[in-house]
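Data block below; observations after.
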Amino acid sequence: MPELPEVESYARALRAPLIGRTITAVRVYWPRTVAQPSVREFTRRLPGLRVNAIDRRAKYLVFALSAKSSQVPTDYLLIHLKMSGQLDVTSHPKPIDKHDRVIFDLSGGRRLHFNDMRKFGRMYLVPHPEVITERLGPEPLSDEFTLDGFRQRLRKRKGRLKSLLLDQTFIAGIGNIYADEALWLARLHPLRRADSLSEAETRALYRAIRAALREGIKRNGASFDRVYRSGDYKFRVYARADRPCRRCRQPIRRTVVGQRGTYFCATCQSLRG
DNA sequence: CAAACTCCCTGTTAGC
DNA sequence: TGCTAACAGGGAGTTT
């Protein structure tokens, strides 16, 4: 499932083929994919707008759109891929896939297919991206995510570390995979209470979050062959139940925390400080 | 503030 | 062999 590193890889990969192109037509095959505004207004307003910039905020792709002659964005298209969303740019028309939910026609004969088997993905066409993203926590790879700020906010929370890392209002962009990866790197048990970390553990977690995400971006970037493919990632703990821990060779355990499958090493991830 | 649960979905897999 | 039910998961929303 796409998390921060996968979405970042998408943003980088889509810039070259899409920036400067103008949307000429939009077809919506699954109306609920368009969360905002109505499908009618979505398909009416987009044609004529040009892709000015493509960025990422948390797990959202943010397309800045402007009227043809202007550089100033007038609208923003936000896309959240959720579980199974994929984006694919084609230069030559290809048949509509049964899981295609929205197709954008672009100048120069290009098309952008939004394919989403599970139908959880959502799009938002809004005047400012903050309308959608204002509740999100800090970007873990940006300067706004500081060790000091992290320490202070961690101290105020009594929940489990795993659940907290998945809370998008606490830190933005981490999902189930990178939460487990970061906790393993930091040698912290997913059920540890957030306010129980020592200074050294806090620093370890802060670094582990950034390291896990940075490595993810590196690998996704490398394996990005037009379409995002997940299979080629070597995770440290995620989905490795019963297989040996890469540090201590003890079997990786799987449990459920907050309704999410959670993988960890009971030997080297400490539950008590 | 936090935990627990519901909802939206369908391909995959386990169980009968 | 063929069917059914459970399961996975992001995240918003609701209830306790």
Side-chain angles (χ1 to χ4, degrees), chain A residues 1-10 28-36 39 56-62 78-87 97-102 114-124 126 129-140 150 152-183 189-197 209 212-213 216 220 227-231 233 235 237-242 252-264:
Chain A
M1 337 76 250
E3 301 181 22
L4 185 155
E6 290 75 23
V7 180
E8 178 65 29
S9 297
Y10 260 118
V28 177
Y29 301 98
W30 183 255
R32 296 192 60 154
T33 299
V34 179
Q36 223 182 99
V39 172
R56 177 195 60 74
R57 173 75 172 103
K59 300 177 200 173
Y60 292 88
L61 278 167
V62 182
L78 275 67
I79 300 181
H80 198 304
L81 303 168
K82 293 286 181 89
M83 292 288 295
S84 58
Q86 299 185 25
L87 290 166
D97 183 86
K98 67 170 177 171
H99 299 311
D100 280 344
R101 308 305 178 197
V102 180
F114 177 69
N115 189 281
D116 184 24
M117 186 182 76
R118 298 262 162 102
K119 300 179 173 175
F120 286 175
R122 291 291 180 268
M123 299 184 181
Y124 310 79
V126 289
E130 293 78 22
V131 173
I132 305 301
T133 63
E134 63 188 350
R135 289 180 201 159
L136 296 168
E139 279 294 322
F150 183 59
Q152 282 176 29
R153 299 174 64 230
L154 209 53
R155 250 196 319 240
K156 295 183 208 156
R157 305 293 292 251
K158 301 180 200 304
R160 319 285 197 187
L161 282 182
K162 171 69 185 271
S163 303
L164 194 58
L165 292 185
L166 294 177
D167 180 347
Q168 301 299 299
T169 67
F170 187 76
I171 310 181
I174 300 175
N176 207 33
I177 295 173
Y178 292 96
D180 284 1
E181 297 293 289
L183 289 170
H189 196 290
L191 294 178
R192 270 292 284 280
R193 273 173 54 135
D195 64 359
S196 75
L197 301 200
I209 288 167
L213 295 172
N220 287 139
V227 182
Y228 155 66
R229 297 173 303 149
S230 59
Y233 192 97
F235 297 118
V237 269
Y238 185 78
R240 300 194 76 245
D242 302 325
I252 295 297
R253 303 248 298 260
R254 181 188 188 276
T255 183
V256 175
V257 181
Q259 281 81 246
R260 289 290 175 269
T262 298
Y263 302 87
F264 67 104

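Owing to the predicted nature of the structure, the values given are computational and were not obtained by experimental measurement.
The side chain of A/Arg122 contributes no N or O atom lying less than 4.0 Å from OP1 or OP2 of C/dG10. When the side-chain nitrogen and oxygen atoms of A/Lys59 are compared with OP1 and OP2 of C/dG11, one or more of them lie within a distance under 4.0 Å. The phosphate of B/dT10 has OP1 or OP2 within less than 4.0 Å of a side-chain N or O from A/Lys119. Residue A/Tyr238 places at least one side-chain N or O closer than 4.0 Å to OP1 or OP2 of C/dG9. Here A/His80 reaches the OP1 or OP2 of C/dG11: one of its side-chain N or O atoms lies under 4.0 Å away. Considering only side-chain N and O atoms, A/Arg157 lies nowhere under 4.0 angstrom from the phosphate OP1 or OP2 of B/dC1.
Atoms CD1 and CD, on A/Ile132 and A/Glu134 in that order, are 8.5 Å from each other to the nearest 0.5 Å. Atom CD in A/Gln168 sits 13.5 Å away from atom CZ in A/Arg135 (nearest 0.5 Å).
Side chain of A/Met117, nearest nucleotide from C/dA8, B/dC8, B/dT10: B/dT10. Checking C/dG10, B/dC8, C/dG11 against every side-chain atom of A/Gln168, the shortest atom distance belongs to C/dG11. Nearest nucleotide to the A/Arg160 side chain, out of B/dA3, B/dC8, C/dG10: B/dA3. Side-chain atoms of A/Arg118 lie closest to B/dG11 of the nucleotides B/dG11, C/dG11, C/dG10. Among the nucleotides B/dC9, C/dA8, C/dG11, the one closest to the side chain of A/Arg254 is C/dA8.
Both the sub-6.0 Å distance and the 45° axial angle are not jointly satisfied by A/Arg240 relative to the ring of A/Phe235.
Using a 4.0 Å heavy-atom criterion, one finds that A/Arg101 contacts no nucleic acid atom at all. Using a 4.0 Å heavy-atom distance criterion, A/Met83 is classed as a base contact. A/Gly261 comes within 4.0 angstrom of the backbone, heavy atoms only, and of no base.
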At a cut-off of 3.5 Å, list every protein nitrogen or oxygen paired with a nitrogen or oxygen from nucleotides 13-15 of chain B, distance to 0.1 Å.
none

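Side chains of A/Leu166 and A/Val257 form no contact here, defined as non-hydrogen atoms less than 4.5 Å apart.
Aromatic ring orientation, A/Phe150 versus A/Phe170: tilted (interplanar angle from 30° to 60°).
With DNA chain B read from its 5' end, the first of the two nearest nucleotides for A/Asp167 and A/Gln259 is the one closest to A/Asp167.
In this structure, A/Phe120 counts as stacked on the base of C/dG10 under the 5.5 Å centre distance and 30° plane angle limits.
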